[in-house]
Protein chains: 2
Amino acid sequence: MPCHCTLPPLACTVKGLRETRDVKVSAAHPTLEAVAAHAGVSRATVSRVVNGTPGVRPELREKVKRSVAELGYVPNSAARSLVTRRTGAVAVVIAEPETRVFADPFFARQLRGISRELSANDLQLLLMLVEEEADYQRVGRYLAGGHVDGTLMFSLHANDPLRGIAAASGLPTVFGGRPWWPGWEQDDSLVYVDTDNRDGARRAVRHLAESGHRRIAVITGPLDQTSAVDRLAGYRDALGLAEPDPALQAHGDFTVDGGARAMAELLDRSPAPDAVFAGNDLMATGALRTLRARGLSVPEDVAVVGYDDLDPAAWADPPLTTVRQDIVRMGEIMARLLVRSLNDAEAPVSSVVIPSQLVVRGSA
Amino acid sequence: MPCHCTLPPLACTVKGLRETRDVKVSAAHPTLEAVAAHAGVSRATVSRVVNGTPGVRPELREKVKRSVAELGYVPNSAARSLVTRRTGAVAVVIAEPETRVFADPFFARQLRGISRELSANDLQLLLMLVEEEADYQRVGRYLAGGHVDGTLMFSLHANDPLRGIAAASGLPTVFGGRPWWPGWEQDDSLVYVDTDNRDGARRAVRHLAESGHRRIAVITGPLDQTSAVDRLAGYRDALGLAEPDPALQAHGDFTVDGGARAMAELLDRSPAPDAVFAGNDLMATGALRTLRARGLSVPEDVAVVGYDDLDPAAWADPPLTTVRQDIVRMGEIMARLLVRSLNDAEAPVSSVVIPSQLVVRGSA
DNA sequence: GAACGGTGTGAGAGCGCTCTCATGCCGTGC
DNA sequence: GCACGGCATGAGAGCGCTCTCACACCGTTC
């Protein structure tokens, strides 16, 4: 395959890549057989020792362990999983629009939590990023092919094909984020982990109300994502109104520009809001920008609360009051649930909702 | 393993996980043997067809393909890699302090590029996050165990053990970011991909000089990272001075707070700077905060340039002039170099440095 | 018409491991 | 002293695949 790098040659310094073959031979991988010969026992016994199966005399066990160490034996995972039908790997499938993934370190945090938990259980993390239609097929084939023992899936959108793919693969699966497709509540094979978006929003709006604000507006995210829907529901809960004033509601799309536009809309309406709950920090940042441009001061003229507690929220001017969610923990719990059902297919596994927490700063 | 989830029971709804065993049986995986029987040919022929080996009569080839489709055959990768000594997987090892990973979407971008390129080559992406000392050993064992065909490594620090681990594994490896250990320039087995930090910094500082600024200061990142060192070097290049005024140089640590502190130091010295080049956007954001707090206006009193072009840079007030680097492309190229040497161990592979680009906004 | 080379196909070994089952050895009970 | 059960160990099959090699069959050549 040719290199498509079109850089000016000056920018490149030529160096050779270490050659695979030679080194591999020098760092030769001894087999079970070799260890057995070295220790003067049978393959079966070495296998028992390596896998910690009981029923081997302690002195023999020690002897084998020494041989393993001496030869630097590492089990061949291909051979092992060929017979055990276990791969020791878990696929993490992320189907996300670029924007979301890039705008915040959500997935880095999530992966951190997942990675910790998986490696604590000697499981490998296979990352599959889905960008286009063809990727879904690739993922489907891969999962159905039995290359992994289980799946962790992230998809924020209604009717994402991922659900079907997971079901077809027959693999234990845990979803990140409350899923959203027709009848999902009846599907008791479904396990998910989510943060408590509704309660977080409730806390945020309640804070605004308790600070004496009367005309509390909301800037919603894209309503085909459960997090946006749940946060809107929390807003309604807090106001105690089944149908809040539609003049106080504007749509953003979880982006800074969307938030800025929505804020402008709200200010042009009547009654003008004296506080705004933005569905995420990005939109809150946009709202702040619009308010600043109009010469309104925060929180005096209009108080602003965001959601997510991204790092930039703290740097904003004024620093953003927002809702924090423990994303690392969310990843950990997802992995933990999967590990549990991997170890015991009959184990009862429940969906988990992680509490959110209000972080009060200068903007409200 | 018990669930350590300490959430109030109310927050959890209990649902069962789909059982593995039953489903797996129903979605039974046919073997090569089964396909061969179905098509009325030998295992060898089916293998040839599946792997696209030439030398099979077209009509037979078609017949086998139909059988494959009909039975839903998917090759067993364990069996295959047992004999081919190829796993079809690449490890991506990331050894990073939490802060860096969380503060910016650097790795999300990088992974995106890597993932694209790998999946285009039917390679799987195995993600290994390194947090503590024990993780290095885990990674070392894993790589030496021959579970992957090659490695992509990220480590920004001098003397990171990762280099030794890569060498010991004997696996083809490409590094992300210019490495930094004694004698690395002599090591011609070393391949890395980096953005042109030095040239980017040069452009940034030159821009400042050309706008008429005379007292251009620099806020440096941690000087045990090559990116920080290279950016400082670019600053010196642009000023054309071997030894710039030490009063105009302050240390940050790539964080917002560090940048704020460094800016305060600079302002307290004499001569006071009329422009600042910050080693990254986070520090530039901190500098902006300090300037605002002191009632200085940007860019009139002090112009500010950052580095990285994070999303928040565009939202800053004023929007940050900064240096953009194509991180997705960096990931792609890393993967491409690795793939090339995977396909042909003798292929000449060169390190690549990706150009950076100045993005002029309001702050300078 | 026999010998030949080329091509397409199948038989079979073997990758490194796990796991069942047979075997040998011990201590115990009658 | 002999039969027995229990335990530690080894022999061997076989997981699903690839790949070498042998073979059969064709058309060509002298």
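The sequence lines fix the lettering, A, B, ..., with proteins before strands; numbering per chain opens at 1.
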How long is the line joining [atom1] of [X] and [atom2] of [N], in whole Å?
{"X": "B/R43", "N": "D/dC21", "atom1": "CZ", "atom2": "P", "answer": "17 Å"}
{"X": "B/L32", "N": "C/dG14", "atom1": "CG", "atom2": "P", "answer": "19 Å"}
{"X": "B/E33", "N": "D/dG16", "atom1": "CD", "atom2": "P", "answer": "10 Å"}
{"X": "A/R80", "N": "D/dG16", "atom1": "CZ", "atom2": "P", "answer": "18 Å"}
{"X": "A/R86", "N": "C/dC19", "atom1": "CZ", "atom2": "P", "answer": "12 Å"}
{"X": "B/N76", "N": "D/dC17", "atom1": "CG", "atom2": "P", "answer": "6 Å"}
{"X": "A/K63", "N": "D/dT9", "atom1": "NZ", "atom2": "C1'", "answer": "13 Å"}

Legend entry - Side chain of B/A79 (C-beta onward), nearest among C/dA11, C/dC15, D/dC17: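 Given the options C/dA11, C/dC15, D/dC17, the side chain of B/A79 is closest to D/dC17.
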Legend entry - Nucleotide of D/dT18, C/dT18, D/dT9 approaching A/V83 most closely (side-chain heavy atoms):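 The answer is C/dT18.
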Inset, instruction - With the side chain counted from C-beta on, respond yes when B/L60 and B/R48 share a heavy-atom pair under 4.5 Å apart, and no when they do not. - result: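 No, too far: nothing below the 4.5 Å cut-off.
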To check you understand the geometry: which heavy-atom pair defines the closest contact between [X] and [Y], and what is its length?
{"X": "B/L71", "Y": "B/H38", "answer": "CD1-CB, 3.8 Å"}
{"X": "A/L118", "Y": "A/A335", "answer": "CD2-CB, 4.1 Å"}
{"X": "A/Y73", "Y": "A/P30", "answer": "CD1-O, 3.2 Å"}

Are [X] and [N] close enough that a side-chain N or O sits under 4.0 Å from OP1 or OP2?
{"X": "A/S47", "N": "C/dT18", "answer": "yes"}
{"X": "B/R85", "N": "C/dG16", "answer": "yes"}
{"X": "A/T45", "N": "D/dT9", "answer": "no"}
{"X": "A/N51", "N": "C/dT18", "answer": "yes"}
{"X": "B/S42", "N": "C/dT9", "answer": "no"}
{"X": "B/R57", "N": "C/dG8", "answer": "no"}

Inset, instruction - State the CG-CG distance between A/N343 and A/L338, to the nearest 0.5 angstrom. - result: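 Nearest 0.5 Å value for the CG-CG distance: 9.5 Å.
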Legend entry - Heavy-atom donor-acceptor pair, B/R48 side-chain to C/dG10 base, under 3.5 Å: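 Such a pair exists between side chain and base.
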Inset, instruction - Hey, which sits more toward the 5' end of DNA chain C by its nearest nucleotide, B/L82 or B/V41? - result: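 That would be B/V41.
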